[in-house]
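Working notes, structure below.
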Amino acid sequence: MRNEREQQRREAPAPRARGQGRPAGRSGTGVRPLRRTGGLRLVPAPGERRPAAPGTNLSAGAPGATWGAPCWLSLASGDVLAASAFYARVLGWCHVPLLGPQGRTRLLALREGAPVGTLSQATCDLGVSAGWIPYFGVRDVDGTVDRLRERGATLAVGPLTTGTGRLAVAAGPQEAVFGLRRQAPDPRWRAGAGPVAGFELRTPDIFAAACFYGDLLGWAGTPGDSCEVEYTHGRIEVREGLRTVATLTDAPTSGWRPCFRVADVEVAAVAAAGWGGRIVSPPDGPPERREAVLADAEGNPFTVIAG
């Protein structure tokens, strides 16, 4: 019997080295590989486990929130009052003042009473225009920041503790700015189920971006405990349950772009051009999926979609 066990140990395959099995041309130490299955669904490679924790609530009273999913949105603006006036006229938002450091204006944007995000004075220098910043919910902000540093990402803000919890802001591959939060500032906020229809990451390499964010945020982990990631129709979709909360699309430049719901896409486009912004891509698509890409007076792009 002992001889048989020794023979089995000798014939057992050797453990795979860390990083073995990455797609050709992909580098980046410390990044867990992803592979495409028959249905083109991105999943962890065999033997690899994600650091994502079980998908418990990001904040009290927020049922169904998932770690690694978008949990908030903010605009870092050079002129908060001018920005609030633009979005009020173009998207019909109202704005409520928030408490903050003296001399720094902070506003909460609402659409028909539902939270959109915060508008605040830009106070850090990322080397790029921060603009709209999506925040992703993580269990351990400080631990995630450590992994960011290991991957050579730029840390711009934090980690720090605010009245709404622990947070940090960083720039990922190609200086795409994003944030991390321990919890959602408002439990009513949901990407894909309110004024914020979702987010789009435009990047020159969607698979490298999926590996970076997937490893950092725990995407494609245990089903039901993390966001699902799927390659379909030439882009990568990130889903929280049945909702698509983010897409990764090929583009020569990189950056996160929010998508907002509006009553009338054409009216929003005309208003943006009339109040100091511009139309990046004119309204297009069928009535139920009509959308346009606009930019505010500071040049921050965003998408509007009928809904």
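Treat the numbers as computed from the prediction; the structure is a model and nothing was measured. Basis for what follows: all heavy atoms, side chains included, without hydrogens, waters or symmetry-related copies.
- In this structure, a donor-acceptor pair under 3.5 Å is present between the side chains of T164 and T162.
- Within the 4.5 Å cutoff, the side chain of V96 has heavy atoms near those of the L110 side chain.
- From R243, atom CZ reaches atom OG1 of T66 across 7.5 Å, with rounding to the nearest 0.5 Å.
- For P301 against P258, the heavy-atom pair with the smallest separation is O-CD, 3.8 Å.
- V238 has its side chain out of reach of E228: every pair of non-hydrogen atoms, C-beta onward, lies at least 4.5 Å apart.
- Judged by distance alone, with hydrogens and angles left aside, the side-chain atoms of R188 form a donor-acceptor pair with the main-chain N or O of G113 at under 3.5 Å.
- For the pair R261 and A197, the tightest heavy-atom approach, listed with the atom from each and the gap, is NH1-CA, 3.7 Å.
- Residues V267 and V265 fail the side-chain proximity criterion, which asks for heavy atoms closer than 4.5 Å.
- Considering only heavy atoms from C-beta on, H95 comes within 4.5 Å of L119 through its side chain.
- For the pair E237 (side chain) and T232 (backbone), a donor-acceptor distance under 3.5 Å is absent.
- Between the side chain of W219 and the backbone N or O of G68, at least one donor-acceptor pair lies under 3.5 Å.
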Handout entry: Check against side-chain contact (heavy atoms from CB on, under 4.5 Å), L217 and V138
Key = CA-CA 7 Å; L217 302 174; V138 294; 3.8 Å; yes
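- No side-chain donor-acceptor contact under 3.5 Å links R106 and S120.
- With hydrogens and angles disregarded, no donor-acceptor distance shorter than 3.5 Å links the side chain of T161 to the backbone of R166.
- For the pair A209 and L201, the tightest heavy-atom approach, listed with the atom from each and the gap, is CB-CD2, 3.9 Å.
- Rounded to the nearest 0.5 Å, atoms CG (L73) and CH2 (W189) are 6.0 Å apart.
- Across all their heavy atoms, V169 and V177 have their closest contact at CG1-CG1, 3.8 Å.
- The CZ atom of F212 sits 11.5 Å away from atom CG of L248, with the distance rounded to the nearest 0.5 Å.
- A cation-pi contact links R89 to W275, judged by a cut-off of 6.0 Å to the six-membered ring centre and 45° from its axis.
- Partner of F178 under the ring-ring contact (aromatic ring centres under 6.0 Å, His included) criterion, chosen from Y135, W256, Y213: Y213.
- Once rounded to the nearest 0.5 Å, the distance linking CG of L108 with CG of L98 reads 5.5 Å.
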Exercise for the section: Report the C-alpha separation of R290 and E288 in whole Å, then their side-chain angles, then the decisive distance to 0.1 Å, and conclude whether the salt bridge (Lys or Arg N to Asp or Glu O under 4.0 Å) test is met. Expected result: CA-CA 6 Å; R290 197 142 182 85; E288 68 278 5; over 6 Å; no
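- Taken from CG in L180 to CZ in F136, the straight-line distance is 8.5 Å, to the nearest 0.5 Å.
- S77 is linked by a side-chain hydrogen bond (donor to acceptor under 3.5 Å, both in side chains) to E298, counting only residues two or more places apart in sequence or in another chain.
- We find the CG-CZ distance between L216 and R147 to be 5.5 Å, quoted to the nearest 0.5 Å.
- Counting all heavy atoms, side chain and backbone alike, F302 lies closest to N300 at CD2-O, 3.6 Å.
- For the 3.5 Å distance criterion, the side chains of T249 and E200 qualify, holding a donor opposite an acceptor.
- Ring-plane geometry between Y87 and W132 is classed as perpendicular, the angle between the planes exceeding 60 degrees on a 0 to 90 degree scale with a lower cut at 30.
- Aromatic ring pairs are classed by plane angle as parallel below 30°, tilted from 30° to 60° and perpendicular above 60°; the pair F260 and W93 is perpendicular.
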